[in-house]
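Just so you know, these numbers use all the heavy atoms, side chains as well, and skip hydrogens, waters and symmetry mates. Per chain, numbering begins at 1; letters A, B, ... match sequence-line order.
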2 protein chains.
Amino acid sequence: MVQDSCQVTVINEQRIAQAQAQMPDEMILVEVAETFKLLGDPTRVKILQALAVTELCVCDLAALLEMTSSAISHQLRLLRARGIVRYRKEGKIVYYSLDDNHVQTLVEVSLRHVEEC
Amino acid sequence: MVQDSCQVTVINEQRIAQAQAQMPDEMILVEVAETFKLLGDPTRVKILQALAVTELCVCDLAALLEMTSSAISHQLRLLRARGIVRYRKEGKIVYYSLDDNHVQTLVEVSLRHVEEC
DNA sequence: CCCTTACTTGAATGAGTGTTCATATGTTTC
DNA sequence: GAAACATATGAACACTCATTCAAGTAAGGG
């Protein structure tokens with residue numbers, strides 16, 4: 001047993017070294033967590049699920065999810081910032097659609113996972 | 001254009017109906033979001049990444065992530081509650097390992113996604 | 001031009017969350 | 001049995017976050 005700088009006892013030094021060796025960069029792991037965090041909200045999951053079916057404008061999404069346009073717009077801003085959705089203006093109407101099929105895959109995998117349990 | 005109960009104007013009634021028809025149950029979508037939320041924290045992602053390599057006890061994880069055993073234990077409790085990790089007692093030491101390869105798949109897909117960008 | 005409409009945005013608020021600290025539990029060792 | 005140790009857990013704290021509300025922008029119609 002060894003004490004590290006944090007006063008934590010180490011039991012299996014070798015396994016720790018092994019896990020550490022295969023651990024991706026801190027930065028990458030933080031990004032992975034942030035991606036998941038973005039998907040970790042029912043409103044945003046519903047938005048993505050709807051946009052996976054068809055392009056929709058803000059007020060359509062608001063009607064579909066029975067929420068205010070403001071609430072939807074705030075969430076779309078987050079999804080936009082991560083490049084998950086893109087938008088297209090048509091007059092004063094703004095149409096949103098998916099811009100990242102990786103994320104779509106994640107939602108699908110998670111859906112199948114939940115449905116199996 | 002139609003006004004629904006929430007005072008939101010509907011632009012594309014047909015598309016909304018289409019999206020609604022393909023929308024999974026509210027309950028399932030909430031569970032999907034909760035699964036993602038659980039993966040949406042750097043500490044938990046690191047724990048899962050480490051356990052994907054090898055079984056580890058709480059203090060090993062604490063040493064690896066340079067955090068207190070208490071903080072790790074709290075996170076493991078959440079992962080345990082969702083059936084994502086399982087544990088095995090060996091005397092006073094508690095070894096944790098992964099108990100859900102779906103989740104492992106999600107992390108892998110997300111890792112590849114982040115690394116591509 | 002003014003009014004309505006679709007959307008955005010900033011501040012505020014209430015709920016939720018991760019870590020710390022102190023304490024408790026259960027196990028081993030002396 | 002007492003001390004040491006690995007975990008677990010409850011409360012507290014700072015912090016984040018989703019929604020609401022109010023105000024602002026930009027486009028179209030009368």
Any side-chain to backbone donor/acceptor pair from A:D100 onto A:H102? Under 3.5 Å, distance only. yes

Between B:R15 and A:E55 (side chain of the first, backbone of the second, donor and acceptor by atom type, cut-off under 3.5 Å), is there such a pair? yes

Kindly point out which of [options] is positioned nearest to the side chain of [X]?
X     : options               : result
B:A71 : D:dT19, C:dT20, D:dA8 : C:dT20
A:T43 : D:dA18, C:dT4, C:dT27 : D:dA18
B:S70 : D:dT20, C:dT20, C:dT8 : C:dT20
B:K92 : D:dT7, C:dT4, C:dG26  : C:dG26
A:D41 : D:dA18, C:dT17, C:dC7 : D:dA18
B:Q75 : C:dG18, D:dT7, C:dC7  : C:dG18
B:V58 : D:dT7, C:dA6, C:dC21  : D:dT7
A:I93 : D:dT7, C:dC7, D:dA18  : C:dC7

Let me know the distance between [atom1] of [X] and [atom2] of [N], rounded to the nearest Å.
X     : N      : atom1 : atom2 : result
B:L61 : D:dT7  : CG    : P     : 9 Å
B:R80 : D:dT9  : CZ    : C1'   : 10 Å
A:M67 : D:dC17 : CE    : C1'   : 13 Å
A:R82 : D:dC17 : CZ    : P     : 11 Å
A:K89 : D:dA27 : NZ    : P     : 6 Å
B:K46 : C:dG18 : NZ    : P     : 13 Å
A:Y95 : C:dA6  : OH    : P     : 11 Å
A:L79 : D:dC17 : CG    : P     : 14 Å

Find out whether the Lys NZ or Arg CZ of B:R88 is both under 6.0 angstrom from the six-membered ring centre of B:Y96 and within 45° of the ring's axis. no

When clusters are formed by joining ILVMFWY residues with side-chain heavy atoms under 4.5 Å apart, either directly or through shared neighbours, do B:M67 and B:V45 land in the same one? yes

Would you indicate, yes or no, if [N] has its OP1 or OP2 atom less than 4.0 angstrom from a side-chain nitrogen or oxygen of [X]?
X     : N     : answer
A:S73 : C:dC7 : no
B:S69 : D:dT7 : no
A:R77 : C:dC7 : no

If each of A:H74 and A:K37 is mapped to the nucleotide of DNA chain D with the nearest heavy atom, which maps nearer the 5' terminus, i.e. the 5' end? A:K37

If you pin A:G91 and A:G40 to their nearest nucleotides in DNA chain D, which one's is more 5'? A:G40

Could you tell me whether B:Y96 contacts a base, only the sugar-phosphate backbone, or nothing, with contacts defined as non-hydrogen atoms closer than 4.0 Å? sugar-phosphate

Please state whether the rings of B:F36 and A:F36 are parallel, tilted or perpendicular, taking 30° and 60° as the class boundaries. parallel

Interatomic spacing from CG in B:L98 to CD1 in B:I84 - rounded to 0.5 Å: 9.0 Å

